[in-house]
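Worksheet for the structure shown next.
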2 protein chains.
Amino acid sequence: MGSRRVKVRSQSGKILVGDCIAELKKLPTASVDLVFADPPYNLQLAGDLMRPNNTKVDGVDDQWDKFDDFAAYDSFCRAWLTEVRRVLKPDGAIWVIGSYHNIFRLGAAIQDLGFWIQNDVIWRKVNPMPNFRGKRFTNAHETMIWAGRDRKSRVTFNYESLKASNDDLQMRSDWLFPICSGPERLKDDGGRKAHPTQKPEALLHRILIASTKPGDTVLDPFFGTGTTGAVAKRLGRKFIGIERDLDYATAADERIAKVQPLETEAIETLPSKRSEPRIPFGQILELGIIKPGRKLFGPRREVRAEVRADGTLFYDGQQASIHRLGAIVQGKAACNGWTYWHFEAEGKLKPIDDLRSEAKRQLGLGSRISI
Amino acid sequence: MGSRRVKVRSQSGKILVGDCIAELKKLPTASVDLVFADPPYNLQLAGDLMRPNNTKVDGVDDQWDKFDDFAAYDSFCRAWLTEVRRVLKPDGAIWVIGSYHNIFRLGAAIQDLGFWIQNDVIWRKVNPMPNFRGKRFTNAHETMIWAGRDRKSRVTFNYESLKASNDDLQMRSDWLFPICSGPERLKDDGGRKAHPTQKPEALLHRILIASTKPGDTVLDPFFGTGTTGAVAKRLGRKFIGIERDLDYATAADERIAKVQPLETEAIETLPSKRSEPRIPFGQILELGIIKPGRKLFGPRREVRAEVRADGTLFYDGQQASIHRLGAIVQGKAACNGWTYWHFEAEGKLKPIDDLRSEAKRQLGLGSRISI
DNA sequence: GCCGTTGCTGAATCTGTGA
DNA sequence: ATCACAGATTCAGCAACGG
């Protein structure tokens with residue numbers, strides 16, 4: 001019952017040829033950082049479906065009613081999703097992609113199994129297939145669900161990189177990409193498309209940049225012709241692909257072998273501010289960057305507080321941290337004292353946050369921090 | 001246990017004040033052409049969410065959105081969907097709207113109960129609320145499901161009207177509309193929003209134009225402040241609204257009374273706007289038009305920066321967006337990275353702005369895009 | 001009246017760390 | 001497990017106001 005063949009072409013990843021659920025069961029628990037899954041959409045493929053007990057579901061029978069079809073599909077999805085959840089690390093996450101035929105069943109299963117949805121994301125297709133019969137709207141999008149393993153999972157999200165790459169605006173939940181065509185589309189020997197639903201590499205590029213770190217392991221249980229593996233290799237992520245069809249797996253293997261990984265430096269993502277070393281206000285004082293007795297002001301000089309030697313601020317009979325006192329004088333529940341309080345230099349007010357860069361310099365904490 | 005009050009203001013429709021399921025049970029079988037349902041989303045919000053300026057987001061904390069668990073939400077939805085299906089005519093259809101919190105459960109229930117999905121349609125919001133903590137993608141869309149009562153239902157679809165209103169291109173499944181704000185947004189006596197989730201009339205306009213005929217009866221089991229009724233009256237459709245909250249129902253009644261129905265001949269389509277999405281730098285990268293590791297130069301080669309895989313630029317220990325880094329190296333407050341940074345081709349420097357035309361070609365933005 | 005500035009708000013599952 | 005608290009975080013549209 002083992003996989004018929006295991007291919008290992010490079011250290012970047014491996015392709016397991018075999019049944020999705022059977023292969024998943026062999027993978028160790030809590031070993032994977034991210035899963036990308038592009039499961040079968042069409043219920044006509046019910047003959048390919050497996051029950052949770054790993055027996056094969058009989059092919060579509062006209063006497064089955066719709067509920068039976070949906071139930072079989074649901075069982076199959078809950079089975080592989082359960083295994084996927086097992087192999088994910090506690091802070092791991094999953095992406096699934098689908099259309100209206102299957103995405104609602106996938107989404108409900110994801111919620112029922114305890115995953116915690118972060119976003120649903122819409123892939124808007126530039127060049128979708130038109131609706132030939134004029135009976136519906138042009139089906140111009142697919143839906144992706146991004147979910148953490150648990151409600152508590154602290155999933156990877158490279159917010160800063162996405163924002164910087166989007167002209168300094170937050171990345172939205174609707175993404176515009178062309179479908180996979182042209183030279184990127186894999187062809188078989190007869191010049192026909194090698195796989196019916198090959199996904200564009202641009203889509204996986206954004207997904208992996210958004211939700212993985214270099215060196216992470218990405219698992220794709222429906223590997224097909226290996227788009228996930230190709231992009232993972234290029235971006236310095238490890239991959240595990242599971243594919244039942246040997247022809248697809250072979251095509252994927254050859255495709256990925258041709259991929260040239262990017263240089264280490266080219267795949268660096270922007271660090272979040274939180275990942276930088278913390279400089280408490282007291283340290284600014286200890287380093288002598290600011291002196292006790294110095295006056296600090298609100299943004300429009302509406303208050304004038306005094307720095308105390310213990311690293312607190314004093315104003316109007318109240319003594320507290322820069323954050324607490326900022327909250328108190330504004331009558332708010334919370335406050336970032338670094339941006340609220342200002343010091344005077346050459347007649348102008350500057351936020352005390354500016355002093356932290358000087359502290360970092362003195363502490364030898366340059367701006368180049370690589371993990 | 002009847003409705004507390006039935007309001008009839010005109011021949012165009014009526015508002016039933018009472019419990020959704022109880023009122024549905026009183027309606028005759030096979031009497032309605034279209035249902036539009038905007039049910040509670042079951043948002044499951046935990047604590048307060050603060051904006052960066054430490055003010056509180058006015059979230060949906062109403063009792064009507066609270067359910068014990070998914071099972072309670074599911075049984076509620078299956079109950080009203082069952083009644084809705086009963087009152088629909090054989091060729092009738094339903095639209096439901098939701099977010100990732102509830103739409104997968106709604107979609108699965110719709111399929112299980114025997115409805116037949118025609119499309120899922122994405123409402124892309126021009127002006128969504130940002131993600132204040134920088135932990136997810138901006139939640140910039142909601143999902144609608146359009147389904148016929150049965151697989152066999154021959155549902156109304158005004159294909160020609162939609163195509164004509166879309167510059168003679170088929171209407172796509174992704175629609176761009178602003179959220180409901182400004183004068184359209186109903187206010188209570190205190191000047192606060194009368195309803196937390198009022199939908200824009202433009203959305204209902206397109207739905208009713210797409211999937212009803214003049215004189216059809218439209219039922220909205222979660223009427224709220226009556227957007228469905230207002231648009232139905234304007235477009236010469238009859239409406240039945242069910243609303244449990246008397247304040248909402250009263251506001252809806254007064255709102256609809258002010259609506260002037262259009263002349264019979266005018267009940268056709270409105271012209272659509274075109275939208276030309278921005279092309280951010282990251283997308284140039286994702287599309288493979290420029291590769292990570294590529295060198296970019298200032299206009300006179302005074303700096304040489306490197307493209308990173310995450311869509312940022314790197315120079316002299318600094319990594320930032322094309323705009324931010326351009327500003328930094330010039331010592332300016334701001335910079336248009338598209339015109340500052342250049343790539344080398346055939347020994348000559350060209351601004352990276354030139355690459356956007358290729359991206360636009362790939363993204364089909366030379367042609368017309370559905371709104 | 002026009003223009004720039006300031007402030008408010010919208011269906012939101014929105015932190016991380018150390019004690 | 002809970003609790004305290006440091007401190008990081010926003011886009012587009014509209015309204016009100018002042019010059």
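What you see below is based on every heavy atom in this structure, not just the backbone, and it leaves out hydrogens, waters and symmetry mates. In what follows, every chain begins at residue 1, and chains take the letters A, B, ... in the order their sequences are listed.
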Please check if atom CZ in B:R51 has more than 12 non-hydrogen atoms from other residues, nucleotides or ligands closer than 6.0 Å.
yes
Phosphate contact (D:dA6 OP1 or OP2) by A:S321 side-chain N/O below 4.0 Å:
yes
For A:K350, is the NZ atom crowded, meaning more than 12 foreign heavy atoms sit under 6.0 Å from it?
no
Short N-O contact, A:E358 and A:R361, less than 4.0 angstrom:
yes
Indicate, with a heavy-atom threshold strictly under 4.0 Å, whether A:G282 touches base, sugar-phosphate, or nothing.
nothing
Could you write out each protein N or O paired with an N or O of nucleotides 8-11 of chain C at a distance under 3.5 Å?
unit_1, atom_1, unit_2, atom_2, d
C:dG10, OP2, B:K193, NZ, 2.6
C:dG10, O5', B:K193, NZ, 3.2
C:dG10, N7, B:R51, NH1, 3.4
C:dG10, N7, B:R51, NH2, 2.7
C:dG10, O6, B:R51, NH1, 2.5
C:dG10, N2, B:N127, O, 3.4
C:dG10, N2, B:P128, O, 3.1
C:dA11, OP2, B:R185, NH1, 2.7
C:dA11, OP2, B:R185, NH2, 3.2
C:dA11, OP2, B:P196, O, 3.2
C:dA11, N7, B:Y41, OH, 3.4
C:dA11, N7, B:K199, NZ, 3.2
C:dA11, N6, B:D38, OD1, 3.3
C:dA11, N6, B:P39, O, 2.9
C:dA11, N1, B:Y41, N, 3.0

Remember a base hit wins even if backbone is also touched, and classify A:N336 as base, sugar-phosphate or nothing at under 4.0 Å, heavy atoms.
base
When we call it a touch if two heavy atoms are under 4.0 Å apart, what does B:R192 touch: a base, just sugar-phosphate, or nothing?
nothing
Looking at B:F137, is A:R172 sitting on its ring face, NZ or CZ under 6.0 Å from the six-membered ring centre and within 45 degrees of the normal?
no
Would you say a side-chain N or O of A:R274 is under 4.0 Å from OP1 or OP2 of D:dA8?
no
Angle class for the B:Y73/B:F67 ring planes (parallel below 30°, perpendicular above 60°, tilted otherwise)?
perpendicular
In terms of relative ring orientation, are B:Y248 and B:H195 parallel, tilted or perpendicular, with 30° and 60° separating the classes?
tilted
Would you indicate what B:E184 reaches in the nucleic acid, counting non-hydrogen atoms under 4.0 angstrom: base, sugar-phosphate, or nothing?
nothing
If I pick the P atom on C:dG18 and the same atom on D:dA8, what distance separates them, to the nearest angstrom?
15 Å
Looking at A:R278, does any N or O in its side chain come under 4.0 Å of the phosphate oxygens OP1/OP2 on D:dG7?
yes
With a 4.0 Å limit, can you tell me whether A:K163 has a side-chain N or O closer than that to the phosphate oxygens OP1/OP2 of D:dT10?
yes
Any base atoms under 4.0 Å from A:L169, or only sugar-phosphate, or nothing? Heavy atoms, all strands.
sugar-phosphate
Heavy atoms from C-beta onward define the side chain here; which of C:dC14, C:dA12, D:dC11 lies closest to that of B:K135?
C:dC14
Taking only the C1' atom of each, what is the distance from C:dA11 to D:dC5 in whole angstrom?
30 Å
Spacing of the C1' atoms in D:dT10 and C:dT6 (rounded, Å)
16 Å
Phosphate OP1/OP2 of C:dT6 contacted by A:R300 side-chain N/O (<4.0 Å)
no
Per A:R154 side chain, nearest of listed nucleotides C:dA12, C:dG16, D:dT9
C:dG16
Quick check on D:dG7: is either OP1 or OP2 less than 4.0 Å from any side-chain nitrogen or oxygen of A:H323?
yes
Name the orientation class of the two ring planes belonging to B:F222 and B:F76 (parallel below 30°, tilted from 30 to 60°, perpendicular beyond 60°).
perpendicular
OG1/B:T250 to CD1/B:I15 distance, rounded to the nearest 0.5 angstrom?
8.0 Å
Just N and O in the side chain of A:Y159: are any of them under 4.0 Å from OP1 or OP2 of D:dT10?
yes
Using Watson-Crick and G-U wobble pairs with both distances under 3.5 Å, what is the 5'-to-3' dot-bracket string of DNA chain C, with [ ] for crossing pairs and | for pairs outside the strand?
.|||||||||....|||||
